[in-house]
Every structure is written in C-alpha cells, then in structure tokens.
Amino acid sequence: MIDPETDRVLITGAAGAIGTALRAGLRSRWRRLRLSDIRPVPELASNEEFVLADIADRAAVEHLMRDVRALVHMTGVGGQGTLEDLFHVNARGLFDVFEAARLAGVERIVYASSNHAFGCYPISEKVSPALPPRPDSLYGVFKVWGETMLRHYYDRYAIRSVSLRIGTFRQEPIDQRSLATWLSPADVAHLVDCCLSHPDPGCLVVNGYSNNTRLKTFDPNWATLGYQPKDNAETFRDALRAKGIDVDAADRGEWEWPEHGGSFARSPERPVR
Ligand SMILES: NC(=O)c1ccc[n+]([C@@H]2O[C@H](COP(=O)([O-])OP(=O)(O)OC[C@H]3O[C@@H](n4cnc5c(N)ncnc54)[C@H](O)[C@@H]3O)[C@@H](O)[C@H]2O)c1
C-alpha cells in the first residue's frame, strides 16, 4: 500500500506533456513528489522537489531513487529521433531506471507503455491487454520489453506494477484515429492515481484511453484498477469536422489506418544514427 501522505513518489519525464498533466492532477493528494527530467520543470509547488538527471546516467538514477516508495516512469522519446536516441532512452535508460528502483526497494512502478505495443493488430479487431503483444515498430518493441521486465520483477521480486498502454495523449483529439485513442489530461492523472492507490494491482497491463465512444478495446482492466474515465473524444467531433477532418468515415468502416498503431504500422523504421 502506498500512502499519499507519507510515501515519496518519483515522477520521471516530469517536464513532458504527460508529466505536466500528472503534476497538476496529483500534487494536491500525493504530498511527497520527486520530479526528474533532463530539462527543468517550471513553478515547483511546496510538496514537489526537482532533480535534474539524464536517465542513462546510472549513478544519477541511483541517486534519484533514495527514499522512493513508488516510481512513475514517463521518460521516453517518441516519433522523432534515431534508433540510437531510442535505445539510449527507451531501452538502456529504461533498464537503468527499473534496476535502480528494484535495488533501492521501490515497491510500485507505473510505466508509460504505449498502444504501439499492439499496433499491428488490424483495426477491425477489438484488442485487450490479455492478447499477445504485436508491436508495430522498434519503439513498440522496447515498450513491450519494459512490460516484460515488470512481469519478471513481479514474479521474482514481488514488485507491483501497472503498465499503461497509452493511446493519444493531447489536450484534445487531433484526428479521426484519436477519436478512438484519446487520453485526456484529467483522465491520465486519475489513471495514475488509481495505479498508485490500488492496494495490490499485481502485475497489470491496462489500456490508457478516455471514455471514448469509439473505443476499439475490450477488457482493458479498468474495473480491476478502479479507473473511471470522464472525458469522451466524441465531444470534439464537430470541432474536428469544422477543421475538415472526415470524422464520419469510421462509421462507414473506413478507418484512416488499417491497424491499431496508425501511421507507425506503415512507416519505415527510424535511421540508425
Ligand atoms: N503522448 C502520447 O500520446 C503517448 C502515447 C503513448 C505513450 N507515451 C509515452 O508516455 C511517456 C511520456 O510521453 P509525453 O507525451 O509526456 O512525452 P514528452 O516528450 O512530452 O516527455 C518526455 C520527457 O522525457 C524527457 N527525457 C527525454 N530524454 C531524457 C533523458 N535522457 N533523461 C531524462 N529525461 C529525458 C524529456 O525531456 C521530456 O520532458 C513517454 O514514455 C511516451 O513514450 C506517450
């Protein structure tokens, strides 16, 4: 059990888009937040401390973990960058963060996985975290690797974890696909709050979406976690239509992309360097 009053929670990637939403949504309840990133975060609240660190610097990462009970690991590189960048942060950095957490006695890990962990499933099939992963890119492969490490940590060391297969995190949905995959700022904070508050999530993988009418998932493990998203991308349908987006195409069975991973499933892999 993680105590929001007394236990220290470390959020990595705290200067990023999701990290910023988590700070806003968690800091009134979680009273001891340690934030880390390779760039500064603005306007620290009285219950937030900030530690600048590159997650591929093992010594710095070990320093970060002191007196931490729960880790929310949001550091990652996404669409842009080379394979070397991806490996540096999403593979080597991930390994060092998880290993340092384990060795420091961290009891719970919440991890930013991605819908690209199953991005090669056809969009015509509804998916569940219980199905085997089908990553659509090396980005997705490394996300699955993170989930696999957490499975190993649970089986060998009883470290509880939740891997969040995040869809499209934005202030608002941006295209036809994100009408199905949107995750709002308020809902991501509620989701992570559930992951930290749950007495014993075991080793859980959940879909990270808002309560969208067009969800293409089943058994996302939300009830297990107590996650009850409030936002629905459909609210933005007319606004997207006004921007010239064919929001009605999916109703005709014409999806923008034939796989869950969207453009990732059809793009060339990033350059090595
Ligand atoms: N935004 C989405 O739609 C989405 C979808 C699926 C998964 N995710 C995952 O969620 C996580 C957070 O996403 P986001 O949208 O907030 O990304 P973001 O790029 O806004 O934030 C990532 C943060 O990681 C930090 N970072 C990068 N390299 C670092 C390093 N070497 N050392 C320390 N910090 C470093 C960056 O400075 C940045 O603040 C990522 O792991 C991402 O892969 C995001």
Side-chain angles (χ1 to χ4, degrees), residues 10-26 34-42 50-65 71-82 84-98 100 109-119 129 135-147 150 162-175 177-185 187-189 191-192 195 205-210 212 217 233 260-264 270:
L10 168 64
I11 303 177
T12 70
I18 296 179
T20 301
L22 294 182
R23 290 181 61 205
L26 296 181
R34 179 173 292 159
L35 313 174
S36 185
D37 204 290
I38 203 167
R39 53 194 176 114
V41 303
F50 175 69
V51 183
L52 191 87
D54 182 336
I55 62 151
D57 176 346
R58 178 64 182 255
V61 168
E62 286 176 7
H63 182 71
L64 271 184
M65 296 296 165
L71 162 69
V72 179
H73 183 50
M74 292 292 135
T75 311
V77 295
Q80 305 300 318
T82 64
E84 192 64 35
D85 300 329
L86 189 72
F87 186 77
H88 179 74
V89 178
N90 293 22
R92 177 70 214 204
L94 173 94
F95 173 85
D96 280 321
V97 168
F98 282 4
I109 300 179
V110 183
Y111 164 52
S113 183
S114 167
N115 58 356
H116 297 293
F118 58 86
D136 56 29
S137 52
L138 285 169
Y139 172 83
V141 168
F142 290 145
K143 290 297 188 189
V144 174
W145 185 54
E147 294 179 4
L150 293 178
V162 187
S163 294
L164 307 175
R165 290 186 172 175
I166 297 167
T168 308
F169 173 82
R170 293 287 187 288
Q171 294 298 317
E172 296 178 1
I174 49 172
D175 52 17
R177 177 172 172 267
S178 58
L179 285 171
T181 59
W182 186 50
L183 176 63
S184 75
D187 285 336
V188 77
L191 180 56
V192 172
C195 299
V205 179
V206 305
N207 291 112
Y209 297 132
S210 283
N212 305 324
T217 185
H260 278 264
S263 61
F264 273 48
R270 63 193 74 217

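Whatever order the structure lists them in is the order used to number ligands and atoms, beginning at 1.
- Atom 1 (N) of ligand 1 has as its closest protein heavy atom Phe169 CB, 3.7 Å.
- Close approach to Arg170 involves these atoms of ligand 1, each under 4.0 Å from a residue heavy atom: 3 (O).
- With rounding to the nearest 0.5 Å, the separation of CD1 in Ile11 from OG in Ser36 is 11.0 Å.
- Heavy-atom proximity to Ala15, at under 4.0 Å, picks out these atoms of ligand 1: 39 (O).
- Interface of Ser114 with ligand 1, defined as ligand atoms under 4.0 Å from a residue heavy atom, comprises 6 (C), 7 (C).
- At the shortest separation from atom 5 (C) of ligand 1 among protein heavy atoms lies Gly167 O, 3.1 Å.
- The nearest protein atom to atom 4 (C) of ligand 1, hydrogens excluded, is given as Ile166 CG2, 3.9 Å; this is a heavy-atom distance.
- Scanning the protein for heavy atoms near atom 39 (O) of ligand 1, the closest one is Asp37 OD2, 2.7 Å.
- Salt bridge Glu147/Lys143: absent, no basic N to carboxylate O contact under 4.0 Å.
- Side-chain N/O atoms of Thr181 and Thr168 include a donor and acceptor closer than 3.5 Å.
- Every heavy atom of Ala14 sits 4.0 Å or more from the atoms of ligand 1.
- Here the side chain of Trp182 pairs a donor or acceptor atom with the backbone of Arg170 at under 3.5 angstrom.
- Polar contact check, Ala17 against ligand 1: a nitrogen or oxygen pair lies under 3.5 Å apart.
- Distances shorter than 4.0 angstrom occur between a heavy atom of Lys143 and an atom of ligand 1.
- For atom 9 (C) of ligand 1, the nearest non-hydrogen atom from the set Pro40, Gly78, Ala112 comes from Ala112.
- The protein atom (non-hydrogen) at minimum distance from atom 16 (O) of ligand 1 is Ile18 N, 2.8 Å.
- Remark: distances from the non-hydrogen atoms of His116 to ligand 1 are all 4.0 Å or more.
- In terms of polar-atom proximity, Gly16 is counted as a contact of ligand 1, with an N or O under 3.5 Å from an N or O of the ligand.
- Heavy-atom distances between Ala53 and ligand 1 reach below 4.0 Å in at least one pair.
- Under 4.0 angstrom from ligand 1, the non-hydrogen atoms of Ser113 all belong to its backbone.
- The protein atom (non-hydrogen) at minimum distance from atom 8 (N) of ligand 1 is Tyr139 OH, 3.7 Å.
- Atom CZ of residue Phe98 and atom CG of residue Leu71 lie 6.5 Å apart, to the nearest 0.5 angstrom.
- Between His116 and Tyr139, the two ring planes are perpendicular [angle over 60°; tilted spans 30° to 60°].
- Residues Ser163 and Ser113 have side chains that never bring a donor and an acceptor to within less than 3.5 angstrom of each other.
- The nearest heavy-atom contact from the protein to atom 32 (N) of ligand 1 is Ile55 N, 3.0 Å.
- Atoms OH and OG1, on Tyr111 and Thr75 in that order, are 11.0 Å from each other to the nearest 0.5 Å.
- In terms of protein heavy-atom proximity, atom 22 (C) of ligand 1 is nearest to Gly76 O, 3.6 Å.
- Within a 6.0 Å radius of CZ in Arg92, no more than 12 heavy atoms belonging to other residues, nucleotides or ligands are found.
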